[in-house]
2 protein chains.
Amino acid sequence: MFNKKQHVDFQGQSKLGVPPYNNTDSTSERAFRKTSNHCPHNTACEGCSSRHLSLCSALDRDELKDFSKISIDYQKEAKQIICSEDEEAKYLYNIRSGTVRISKMLSDGRRQITGFLFAGDFFGLSCKDRYNFTAEAVTNVDICRFPRTKIMQSFRDYPNLGERVFDMTRTELDSTHDQMLLLGRKTAQEKLCSFLLAMKEKLGRLEVVAENEVDIPMSRTDIADYLGLTVETISRQFTKLHKKGLIEMEGAHKVFLKDIKALSALAIGD
Amino acid sequence: MFNKKQHVDFQGQSKLGVPPYNNTDSTSERAFRKTSNHCPHNTACEGCSSRHLSLCSALDRDELKDFSKISIDYQKEAKQIICSEDEEAKYLYNIRSGTVRISKMLSDGRRQITGFLFAGDFFGLSCKDRYNFTAEAVTNVDICRFPRTKIMQSFRDYPNLGERVFDMTRTELDSTHDQMLLLGRKTAQEKLCSFLLAMKEKLGRLEVVAENEVDIPMSRTDIADYLGLTVETISRQFTKLHKKGLIEMEGAHKVFLKDIKALSALAIGD
DNA sequence: CGGAAAACTTGACAGGGATCAAACTTGTCG
DNA sequence: CGACAAGTTTGATCCCTGTCAAGTTTTCCG
């Protein structure tokens, strides 16, 4: 049996490349936490930096004020678990900042990461009474969560909200189909190129960086488990792309895409 | 580059194992078509055999009568295309009977089947203005379709309908995550076992067959493209399971699961 | 600053599944 | 019925990616 991990491990990744908003030292981190705990019912929805990206964009100012009453806002440090597979699915989680990974595991430790989520993304809705995935913080994250029972009612109270969430769900279903094509039919090189380009797209919307620069927040292991490969293969493919002159690296987490056109062609096997 | 198909092919599969409801000879087939064309606006929603399985189950008798006005009902023969990638996404399709495959292709012909759909399933909603997948009839199918513009309005007019479709969409998103775990991390044997068990589950709800009997409507090639493998590997794994005494075959499309427990264990890599 | 642990890279080798080829079986249709 | 086409199975061989191992770089933390 290949690719079975001998030991189940939950290790996370280095902090290199963590976006600036949570690149805090431990002191300011603690202060931040305290402020947040001081105000558990997040009355600051109105000023939420990820509001325009998230499901909340469907609400006007008054609706948001009401809606914020059922949410609480908190933080998780990198590598912490947000929710686990088989745990009772009480909440819908909404990411305000940072990166989260959603994964599933086989009993012998083989892991598949089914998605990376960023500011504005939510999770915890597409499941029955128990989560059928594990969500972990890749970087420090700022999240708000809503009781699922109440959120379902909100969808009825605010049809715009329901439609917005439905839209986002359909968009996600769309992209899972792309990911299935990738997992089932693409080569290692095509997978990595696809990944880099997708990351550029997603992160490009969230942070302002130099053109063609991508700050990859997750570890090589995470990338491997997302693309259905091993760490070693990921590493070798990075080297290969670098030798081809298609990418430039600065540490393991900052990548410059030197030739988007060539990378795009490689990504779809042309 | 491995597994790149030399020729793009749209071949379907033999008719062996097609469920009885469309195991008609060409004469009765034509008669059926004529009847259907005679009555394009499907006033027979009320008596629809897949109604209780489909999104329509959210509607009561009067609502269904209204709703049926925006649908038309028709048939496609096995191997025919229902809608194609990049084609304008005008309709939502609902399957009344038969099997449909949803697939995506790379330019060199490598294909990934992202799902098989059966009576009660719908498709065509999770996309922007153009379909990003191709839907083809695996067996003869009986489908009804709705203009997308009108269906969105129906979701508002009949909130139960909207919720039902949302539910079904979330359930589907769920299962795509299982499929990603399968594609990214399972071995050929585990993939096939998972597939057989999933088919037993799905088909068990639709047709009455002997306990542990599974009538697989699709070809080996389709199974391969669904599991991210090649036809040859599928065939070899079938043989292997047979030699292990876990399955019995009758032709290529009728399978008897002799040891569900053992198959289940193999499916998740225990 | 310094030492240990974690993360990443590189090399040698192996194997699961792909590829190529051919035989066999089943379905189609005149 | 009979012949051709399509689908399936089996065998021989290859190669991409996994596995195992070791070395290097980066991060963590006293």
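To find a chain, count down the sequence lines: A is the first, B the second, and so on, and within it residues start at 1. Note that these values count all heavy atoms, side chains included, but never hydrogens, waters or copies made by symmetry.
- Whole-Å rounding puts the B:I247 CD1 to D:dT9 C1' distance at 13 Å.
- Here the side chain of A:Q112 pairs a donor or acceptor atom with the backbone of A:Y226 at under 3.5 angstrom.
- Regarding B:K191, its NZ atom lies at a distance of 8 Å from the P atom of C:dG17, rounded to whole Å.
- Spacing between atom CG of B:D225 and atom P of C:dA18 amounts to 11 Å, rounded to whole angstrom units.
- In this structure, the nucleotide among D:dT9, C:dC8, D:dT17 sitting nearest to the side chain of B:S235 is D:dT9.
- Residue side chain B:R236 does not reach the base of C:dG16 through any donor-acceptor N/O pair under 3.5 Å, judged by distance alone.
- Side chain of B:R185 to backbone of A:R111: a donor-acceptor contact under 3.5 angstrom is found.
- The nearest whole Å value for the distance from the NZ atom in A:K186 to the P atom in C:dA18 is 18 Å.
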If a pair means Watson-Crick or G-U wobble with both distances below 3.5 Å, what does DNA chain D look like in dot-bracket form, with | marking bases paired to a different strand? ||||||||||||||||||||||||||||||
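- Counting to the nearest Å, the C1' atom of D:dT9 and the CD1 atom of B:I223 are 14 Å from each other.
- Here D:dG18 presents its C1' atom at 15 Å from CG of A:L227, a figure rounded to the nearest Å.
- Between B:T239 and D:dT10, a side-chain N or O to OP1/OP2 separation shorter than 4.0 Å is present.
- When the P atom of C:dG17 is taken as reference, atom CG of B:L183 falls 13 Å away, rounded to whole Å.
- Closest to the side chain of A:S219, from the set D:dT8, C:dG17, C:dC8, is C:dC8.
- Nearest nucleotide to the side chain of A:R220, out of D:dT8, C:dG17, C:dT9: C:dT9.
- Two residues, B:Q189 and A:F238, neighbour DNA chain C, and the one matched to the more 5' nucleotide by heavy-atom proximity is A:F238.
- Side-chain contact of B:K186 with B:S194: a donor-acceptor pair under 3.5 Å is present, judged by distance alone.
- For the residue pair B:D142/B:Q75, the side-chain donor-acceptor check at 3.5 Å is satisfied.
- Residues B:S84 and B:Y131 approach most closely at O-CB, 3.6 Å, considering heavy atoms.
- For C:dG17, neither phosphate oxygen OP1 nor OP2 lies less than 4.0 angstrom from any side-chain nitrogen or oxygen of B:T230.
- A distance-only check finds a donor-acceptor pair linking the side chain of B:S264 to the backbone of B:I260 [under 3.5 Å].
- Checking B:K244 against B:Q189 by side-chain atom types alone, a donor-acceptor pair falls below 3.5 Å.
- The distance from atom CD of A:E250 to atom C1' of C:dC8 is 17 Å, rounded to the nearest whole Å.
- Judged by atom type and distance alone, A:E232 does not reach the base of C:dC8 through any side-chain donor-acceptor pair under 3.5 Å.
- Proximity of B:H253 to the phosphate of D:dT8: a side-chain N or O atom is located under 4.0 Å from OP1 or OP2.
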